[in-house]
2 protein chains.
Amino acid sequence: MSDLFPKKGHDHDRCVNSALKQAEKVCMEENARFTDMRRKVFTLIWQSHKAVTAYELLDALTSEGQRVQPPTVYRALEFLTDLGLVHRIESLNAYFGCDRPDCEHLGQYFICTQCGRVAEAVNEDMSNAVLKAAAQVGFSIQATTVEIKGLCHDCATH
Amino acid sequence: MSDLFPKKGHDHDRCVNSALKQAEKVCMEENARFTDMRRKVFTLIWQSHKAVTAYELLDALTSEGQRVQPPTVYRALEFLTDLGLVHRIESLNAYFGCDRPDCEHLGQYFICTQCGRVAEAVNEDMSNAVLKAAAQVGFSIQATTVEIKGLCHDCATH
DNA sequence: CAGAAAATGATATATTATAACATTTCATCA
DNA sequence: TGATGAAATGTTATAATATATCATTTTCTG
């Protein structure tokens with residue numbers, strides 16, 4: 001059985017840093033500015049193994065100093081999701097960092113209802129099934145939402 | 001190519017009536033009351049080919065007479081979704097009638113961003129791919145959300 | 001019919017998200 | 001290099017979605 005979540009002991013700070021590097025690269029390529037606010041929001045999202053809501057981000061940003069307003073956060077989120085650096089989890093109204101911002105993909109999300117952790121999968125079987133089903137009914141896809149809720153292996157067995 | 005939506009000329013009132021019959025049957029079996037309010041909400045949802053928001057339901061119910069309050073509608077929606085008579089479309093914050101309330105299934109939803117129509121699919125390829133992917137990572141599924149947005153064949157070609 | 005359980009009504013408020021306009025920051029080039 | 005226009009952010013207000021809580025009514029059961 002492959003692991004849904006990173007093994008214990010993995011260096012998450014390093015993941016976050018590597019994600020930041022990737023984000024910088026994507027922004028560079030797209031001629032988009034990775035501003036301070038966008039970087040802060042991106043980092044906060046990446047530091048969490050759970051999906052993060054807009055107002056959690058607001059609170060986190062506000063405790064750092066002066067009051068940040070909702071539009072500020074929502075704009076950063078829009079920027080990041082448009083570039084594919086962050087995904088919105090529709091069933092949670094929350095946001096999660098994308099592992100693979102550099103390639104087009106249909107992502108699928110596993111969400112543990114016990115521990116709250118989220119994991120992105122890029123599973124060809126699922127993607128292909130969706131693409132095939134759409135083709136069968138003449139539907140041209142713009143976006144897909146595949147969110148799977150349940151118990152992760154850790155929570156199911158402990 | 002199979003049809004995503006009912007053919008023109010199909011008798012929608014008859015569909016709604018048949019859905020009502022099914023709903024009654026399901027409620028009977030579950031020993032649940034299909035009250036007046038629940039029936040109204042169910043009917044309003046079924047009369048629409050689009051997903052319907054809670055506040056659209058509120059407005060529709062209110063115009064019929066005295067003011068209906070949000071909890072009333074949300075309770076009816078909770079009842080209907082718990083029984084599987086209605087599905088929530090997460091990416092729209094809206095609700096859609098279920099064709100097959102009598103059998104357990106993982107539903108998938110096609111949502112046309114042009115005309116707003118929604119269609120439920122119960123596609124084995126997609127369901128199996130999801131089940132298999134979950135099994136591979138030791139994830140035990142409680143609920144799935146598969147929502148596919150894009151252009152239906154009609155909108156893409158006209 | 002009494003009493004309990006279920007459903008609905010009513011009020012208030014929490015949570016999520018956006019509209020509109022003002023100000024600041026930043027890249028560009030004259 | 002500093003004027004200028006575009007992009008980003010700040011600010012205020014409000015819209016849209018959802019729930020908590022307690023009161024009342026309806027329905028089921030004995």
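Per chain, numbering begins at 1; letters A, B, ... match sequence-line order.
- Salt bridge status for Asp125(B) with Lys132(A): present, with a side-chain N to carboxylate O gap under 4.0 Å.
- Nearest-nucleotide positions on DNA chain C for Tyr74(A) and Arg33(A) put Tyr74(A) closer to the 5' end.
- Side-chain N/O atoms of Tyr95(A) and His87(A) include no donor and acceptor closer than 3.5 Å.
- In 5' to 3' order, the nucleotides of DNA chain C bounding all contacts with chain A (an atom under 4.0 Å from a heavy atom) are dT16(C) to dC26(C).
- Nearer to the 5' terminus of DNA chain C, by closest-nucleotide assignment, is the contact made by Met37(B) (compared with the other of Met37(B) and Pro71(A)).
- Here chain A contacts DNA chain D (any atom closer than 4.0 Å to a heavy atom, that is under 4.0 Å), and the contacts span dA7(D) to dT12(D) from 5' to 3'.
- No donor-acceptor pair under 3.5 Å is formed between the side chain of Asp3(A) and the backbone N or O of Pro6(A).
- Atom NZ of Lys50(A) is surrounded by 12 or fewer heavy atoms from other residues, nucleotides or ligands within 6.0 Å.
- Distance alone, capped at 3.5 Å, is enough to place a donor-acceptor pair between the Ser127(B) side chain and the Asn123(B) backbone.
- At a threshold of 4.0 Å, the pair Arg88(A)-Glu90(A) counts as salt-bridged, since one of the basic side-chain nitrogens sits closer than that to a carboxylate oxygen.
- In this structure a side-chain-to-backbone donor-acceptor pair under 3.5 Å is present from Glu147(B) to Ser91(B).
- The environment of CD in Gln136(A) is crowded: more than 12 heavy-atom neighbours from other residues, nucleotides or ligands sit within 6.0 Å.
- Ring geometry, Trp46(A) versus His12(A): the interplanar angle falls under 30°, so the pair is classed parallel (tilted spans 30 to 60°).
- With DNA chain D read from its 5' end, the first of the two nearest nucleotides for Phe79(A) and Ala54(B) is the one closest to Phe79(A).
- Within a 6.0 Å radius of CD in Gln142(A), more than 12 heavy atoms belonging to other residues, nucleotides or ligands are found.
- Across all strands shown, Arg38(A) has heavy atoms under 4.0 Å from sugar-phosphate atoms exclusively, and none from any base.
- For residues 142-150 of chain A, proximity to DNA chain D is found at no residue, defined as any non-hydrogen atom under 4.0 angstrom from a strand atom.
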